[in-house]
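First the proteins, then the strands, lettered A, B, ... as listed; each starts at 1.
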2 protein chains.
Amino acid sequence: MKTRLHSKTTRQEPLADLTGRLRKRSRRVTGPRQAILETLRQHAHPLTNKEIFAAMPKGNCDLATIYRSMHLLEEMGMVKRFHFGDGAARFELVSEGDDGHHHHLVCVRCSQIVEIEDCFPHELEEAIAARNGFKAITHKLEFFGVCPRCQSP
Amino acid sequence: MKTRLHSKTTRQEPLADLTGRLRKRSRRVTGPRQAILETLRQHAHPLTNKEIFAAMPKGNCDLATIYRSMHLLEEMGMVKRFHFGDGAARFELVSEGDDGHHHHLVCVRCSQIVEIEDCFPHELEEAIAARNGFKAITHKLEFFGVCPRCQSP
DNA sequence: ATCGCTGCAAAAATTTTGCAGGTAA
DNA sequence: TTACCTGCAAAATTTTTGCAGCGAT
């Protein structure tokens with residue numbers, strides 16, 4: 001149980017595999033979609049739609065297309081959506097086979113993000129589900145604090 | 001360690017105590033602020049700004065005022081802000097002395113909310129903070145699932 | 001009598017949608 | 001060819017802000 005150091009296995013799923021997942025679901029492999037997936041592939045941390053838009057080669061696609069694509073990719077389980085408290089959704093690629101379950105440690109000053117693999121024991125979640133009669137329980141957990149660099153004024 | 005059943009002690013801080021907290025900080029006790037606090041007091045679960053607005057007696061105050069008040073109350077530690085995934089912040093009163101730390105179990109179908117007092121061991125958070133050199137660590141944890149009523153189609 | 005607070009209106013920021021044309025399969 | 005996708009533009013949401021006047025202290 002330790003902090004994930006973004007292993008290659010997590011980030012290096014080739015673009016071809018990603019687009020293959022689109023094909024398998026009869027979704028078209030278009031320029032914008034490839035550019036979005038490639039952008040996400042090259043970033044270790046969740047990106048907002050605007051950040052994806054800005055990171056893409058010369059206005060390669062419309063912002064509305066990014067919004068639509070993120071909905072599609074989320075529904076397909078290819079990306080995961082996070083909310084860090086400013087009113088902007090952030091997205092991160094989910095590797096094939098991986099359920100993408102992990103958390104983040106966010107600096108409240110500079111917004112630096114560290115990925116965290118730790119999680120609490122599964123029994124806690126099961127107990128909460130059972131006690132309240134809920135099924136299909138999941139959770140979202142994010143940590144906030146002041147990063148080392150922001151501690152020295 | 002069990003689900004909180006909204007005890008009186010949690011919800012019955014009198015309005016006068018709440019406004020007293022404003023006075024202590026040299027904040028004015030106005031009509032809108034009293035109406036907002038009273039509305040929050042009467043609801044066991046987090047409310048959006050719009051819900052507060054709608055729940056208030058006959059348009060008793062402007063929506064912009066609610067936004068401004070929630071910022072003030074949040075900064076004073078009198079309310080806590082939550083995000084459940086739709087892009088709308090929700091607010092809940094924090095009792096005096098209480099740190100307001102608790103979580104929610106949200107039905108993904110009907111949005112019913114159950115308050116959860118359980119939490120994971122503090123050591124996990126401390127370990128994460130230490131390992132990454134972060135200070136003043138906090139966390140946000142929300143559970144999602146399908147509530148009993150929504151399980152029968 | 002202050003100065004903070006509010007309402008109103010306008011603006012900003014984020015996200016969604018309609019439509020006509022373009023393109024992957 | 002034929003759906004699916006995209007760009008563009010407009011709209012819908014959520015939140016913030018400017019300003020003049022009102023009101024708590």
Side-chain angles (χ1 to χ4, degrees), chain A residues 15-16 18-39 46-76 78-91 111, chain B residues 15-16 18-39 46-76 78-91 111:
Chain A
L15 183 57
L18 294 171
T19 55
R21 287 205 257 166
L22 286 173
R23 284 208 181 79
K24 251 188 283 186
R25 296 263 229 121
S26 304
R27 268 37 215 263
R28 295 191 176 162
V29 177
T30 65
R33 288 180 182 175
Q34 292 180 72
I36 290 169
L37 289 170
E38 183 57 28
T39 301
L47 298 179
T48 64
N49 284 304
K50 270 222 266 228
E51 286 167 345
I52 296 171
F53 183 65
M56 275 185 22
K58 57 168 185 171
N60 223 330
C61 104
D62 194 86
L63 187 53
T65 298
I66 297 184
Y67 276 97
R68 282 188 277 230
S69 297
M70 299 323 290
H71 279 296
L72 172 71
L73 295 173
E74 184 182 22
E75 183 206 84
M76 290 182 61
M78 291 181 63
V79 302
K80 208 167 180 193
R81 178 188 300 256
F82 295 96
H83 290 273
F84 291 162
D86 59 350
R90 279 156 222 268
F91 300 90
S111 295
Chain B
L15 183 57
L18 295 170
T19 56
R21 287 206 257 166
L22 286 173
R23 283 209 182 78
K24 252 188 282 186
R25 296 261 230 123
S26 305
R27 269 36 217 262
R28 292 187 177 164
V29 177
T30 65
R33 289 181 182 175
Q34 293 179 71
I36 290 168
L37 289 170
E38 183 58 28
T39 301
L47 297 179
T48 64
N49 284 303
K50 270 221 269 225
E51 286 166 344
I52 295 171
F53 183 66
M56 276 187 19
K58 55 167 185 171
N60 223 329
C61 103
D62 194 86
L63 187 53
T65 298
I66 297 184
Y67 275 97
R68 282 189 276 231
S69 296
M70 299 324 288
H71 279 296
L72 171 72
L73 295 173
E74 184 181 23
E75 182 207 84
M76 290 182 61
M78 292 182 63
V79 301
K80 209 167 180 193
R81 177 188 300 255
F82 295 97
H83 289 273
F84 291 162
D86 58 350
R90 279 155 221 270
F91 299 90
S111 295

Side chain to side chain, [X] and [Y], heavy atoms closer than 4.5 Å:
X	Y	result
B:Leu18	B:Arg21	yes
A:Leu47	A:Arg90	no
A:Thr19	A:Arg33	no
A:Leu73	A:Leu22	yes

Calculate the interatomic distance between [X] atom [atom1] and [N] atom [atom2]; express it in whole Å.
X	N	atom1	atom2	result
B:Arg90	D:dT14	CZ	C1'	13 Å
A:Arg27	D:dC5	CZ	P	6 Å
A:Asp86	D:dT16	CG	C1'	15 Å
A:Leu63	C:dT17	CG	C1'	14 Å
A:Tyr67	D:dG7	OH	P	15 Å
A:Glu75	C:dT16	CD	P	13 Å
A:Met70	D:dC5	CE	P	15 Å
B:Gln34	C:dC5	CD	C1'	13 Å

In Å and rounded to the nearest 0.5 Å, what is the [atom1] to [atom2] distance from [X] to [Y]?
X	Y	atom1	atom2	value
B:Arg68	B:Ile36	CZ	CD1	11.0 Å
A:Met78	A:Leu72	CE	CG	8.5 Å
A:Thr65	A:Met70	OG1	CE	12.5 Å

How close do [X] and [Y] get, counting heavy atoms only, and between which atoms?
X	Y	result
A:Phe91	A:Asn49	CE1-ND2, 3.7 Å
B:Met56	B:Asn60	CE-CB, 3.4 Å
B:Met76	B:Arg25	CA-NH2, 3.3 Å

Note to self: So, does B:His71 get its side chain near the phosphate of D:dT16, meaning an N or O under 4.0 Å from OP1 or OP2?
What the structure shows: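 The answer is yes; a side-chain N or O of B:His71 sits under 4.0 Å from OP1 or OP2.
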Check: Given D:dG7, D:dT16, C:dT14, which nucleotide is nearest the side-chain atoms of A:Lys50?
Finding: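 Taking heavy atoms from C-beta onward, the closest nucleotide is C:dT14.
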Notebook entry, point to check: Out of C:dC5, D:dT14, D:dG7, which has the shortest distance to the side chain of B:Arg33?
Noted result: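 Looking only at side-chain atoms, B:Arg33 lies closest to C:dC5.
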Notebook entry, point to check: Which part of the nucleic acid does B:Asn60 contact within heavy-atom distance under 4.0 Å: base, sugar-phosphate only, or nothing?
Noted result: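 Sugar-phosphate, backbone atoms only, no base.
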Polar atoms only, N or O, under 3.5 Å: list the protein pairs with nucleotides 8-11 of chain D and their distances.
| unit_1 | atom_1 | unit_2 | atom_2 | d |
| --- | --- | --- | --- | --- |
| D:dC8 | N4 | A:Arg68 | NH2 | 3.4 |

Margin query: Please check this pair: side chain of A:Arg81 against backbone of A:Ala89, looking for a donor-acceptor N/O pair closer than 3.5 Å.
Written below: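 No.
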Margin query: To the nearest 10°, give me the bend of the helix from C:dA1-D:dT25 to C:dA25-D:dT1, comparing the axes of its five terminal pairs at either end.
Written below: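 Inter-axis angle at the termini of the helix from C:dA1-D:dT25 to C:dA25-D:dT1: 40°.
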Check: Just one of A:Ile52, A:Ile66, A:Thr30 clears the side chain to side chain contact (heavy atoms under 4.5 Å, CB included) bar with A:Cys61, so which one?
Finding: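 It is A:Ile66, the one option of A:Ile52, A:Ile66, A:Thr30 that forms the side chain to side chain contact (heavy atoms under 4.5 Å, CB included) with A:Cys61.
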Item checked: Whichever of A:Ser26 and B:Asn49 has its nearest DNA chain D nucleotide further upstream toward 5' ->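 By nearest-heavy-atom nucleotide position, the 5'-most residue is A:Ser26.
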Give me the distances for all protein-to-nucleotides 20-24 of chain C N/O pairs that come in under 3.5 Å?
| unit_1 | atom_1 | unit_2 | atom_2 | d |
| --- | --- | --- | --- | --- |
| C:dA24 | N3 | A:Arg28 | NH1 | 3.4 |

